[in-house]
Amino acid sequence: MLRPRIIPSLLLNWDHLVKTIRFKDEKYIGDPINAVKIFNEKEADEIIIIDHKASIENRDPNFALLKDIAGESRMPMCYGGGIKSLEQAERLINFGIEKIAISSSFFLDKNLCKKLINTLGSQSVVVILDVKKNIFGKYNLFINGGRKKIDISLGEAIDSINEIESGEILINSIDNDGVMKGYDIDLAKLCFSKTKVPITFLGGAGRYEHISDLLNQTGIVGCSAGSLFVFKGKYRAVLISYPNENEKKEILK
């Protein structure tokens with residue numbers, strides 16, 4: 001059985017950290033290197049860094065910054081954003097980044113995903129699914145930072161991921177992003193029931209109890225959060241945090 005992981009997710013806009021609400025209302029958070037140093041000290045299980053504007057602006061990853069971040073990080077690190085070729089992915093892996101995450105490229109270039117898996121190994125490839133519920137209660141998939149809906153169902157996308165045997169799926173709830181009122185447990189259960197690929201779930205955590213709820217009610221073991229680990233209080237003051245060992249025991253019990 002996989003060990004539960006509590007994973008900070010940092011949103012990058014080229015060279016600085018931001019946080020969004022439902023993929024909008026971007027707020028400046030600070031310097032990514034400083035944030036990584038703090039999460040090092042707090043011994044985070046892993047860290048996810050996503051440049052959410054890279055695909056929208058059709059630009060490459062910020063390799064210089066990512067090399068510095070990878071050199072600083074003592075945690076396993078996953079990076080996504082702007083990856084359009086095997087060469088780019090290999091460059092990031094050579095920096096010491098353990099996992100490459102793709103979203104738009106998964107839907108626009110299936111051959112790239114297969115190349116990544118064949119060359120880097122399935123354990124190094126994560127597929128991100130950005131999911132939003134429509135007015136009829138059906139889950140739709142989006143790319144380009146939630147701006148473009150794609151005509152593939154959630155079930156079809158997960159079937160495709162199962163087929164290519166990606167190492168992991170990152171499910172990101174657009175509706176719950178930055179809201180801090182809890183994960184979409186129904187979405188988590190649905191995704192968990194459709195795949196044997198390990199899932200990390202992101203979007204909605206505002207308290208440690210929300211992580212416990214996700215673990216206890218779904219079977220998902222990868223619990224990721226952004227706002228929970230970068231904001232404090234009702235005024236959302238920027239403060240980097242992460243559960244200590246005693247808090248972790250309470251969350252995971």
Side-chain angles (χ1 to χ4, degrees), residues 1-11 19-23 39 42-50 75-78 80 98-99 101 123 126-133 137-141 154-155 157-159 161-162 166-234 236 239-253:
M1 180 179 289
L2 294 173
R3 179 179 68 86
R5 296 166 295 140
I6 300 174
I7 308 166
S9 177
L10 300 179
L11 205 57
K19 190 64 194 80
T20 55
I21 297 177
R22 297 190 174 106
F23 283 31
F39 284 121
K42 296 182 179 296
E43 299 182 340
D45 293 331
E46 188 177 329
I47 195 161
I48 297 170
I49 297 178
I50 299 172
M75 306 157 283
M77 179 177 163
C78 173
E98 282 82 0
K99 299 178 185 178
Q123 77 284 348
V126 178
V127 177
I128 301 174
L129 299 181
D130 293 329
V131 185
K132 182 178 176 62
K133 187 184 289 186
K138 179 183 176 182
Y139 290 109
N140 297 133
L141 297 176
L154 176 60
I158 292 177
D159 286 344
I161 295 169
N162 288 334
S166 169
E168 188 175 334
I169 304 174
L170 173 60
I171 304 292
N172 194 358
S173 170
I174 298 175
D175 297 300
N176 290 31
D177 171 57
V179 177
M180 302 182 72
K181 293 183 178 180
Y183 292 105
D184 184 339
I185 298 296
D186 290 338
L187 173 59
K189 287 179 178 179
L190 177 63
C191 294
F192 185 76
S193 71
K194 290 183 175 295
T195 183
K196 56 185 179 290
V197 177
I199 293 174
T200 293
F201 203 85
L202 172 63
R207 304 193 306 270
Y208 292 156
E209 290 90 341
H210 293 152
I211 298 176
S212 297
D213 290 343
L214 184 68
L215 289 171
N216 294 329
Q217 296 182 42
T218 69
I220 287 174
V221 295
C223 305
S224 190
S227 297
L228 176 63
F229 298 136
V230 299
F231 291 136
K232 182 175 177 61
K234 64 179 181 179
R236 297 167 73 94
L239 179 67
I240 303 294
S241 66
Y242 187 80
N244 59 36
E245 283 304 311
N246 289 331
E247 290 168 329
K248 257 188 162 183
K249 289 176 182 177
E250 285 295 311
I251 293 169
L252 300 178
K253 73 178 182 179

S212 versus I251, closest heavy-atom pair with distance:
OG-O, 2.9 Å

ring-ring contact (aromatic ring centres under 6.0 Å, His included) with Y183: which residues, sequence neighbours excluded?
F201

Give a yes or no on whether the backbone of N172 and the side-chain of D177 come within a donor-acceptor separation of less than 3.5 Å.
no

Flag the pair C191 / I158 as yes when at least one side-chain heavy-atom distance between them is below 4.5 Å, and no otherwise.
yes

Hey, does the side chain of E98 reach the backbone of M77 with a donor-acceptor pair shorter than 3.5 angstrom?
yes

Under a 4.0 Å N-O cut-off, is there an ion pair linking K42 with E247?
no

Residue pair S9 / L202: nearest heavy atoms and the distance that separates them:
OG-CD2, 3.6 Å

Does K248 pair with D45 as a salt bridge, N-O distance under 4.0 Å?
yes

Might you point out which heavy atoms bring N176 and G182 nearest each other, and give the distance in Å?
ND2-O, 2.8 Å

I220 and side-chain contact (heavy atoms from CB on, under 4.5 Å): which partner among I199, L215, T200?
I199

L10 and V230, any side-chain heavy atoms less than 4.5 Å apart
yes

If we only count heavy atoms from C-beta on, is the V131 to L141 side-chain gap below 4.5 Å?
yes

Which residues pass the ring-ring contact (aromatic ring centres under 6.0 Å, His included) test with Y242, sequence neighbours left out?
F229

Is any side-chain N of the basic residue among D184 and K189 closer than 4.0 Å to the acidic one's carboxylate O?
no

Is there a donor-acceptor pair closer than 3.5 Å between any side-chain N or O of R22 and the backbone N or O of D175?
yes

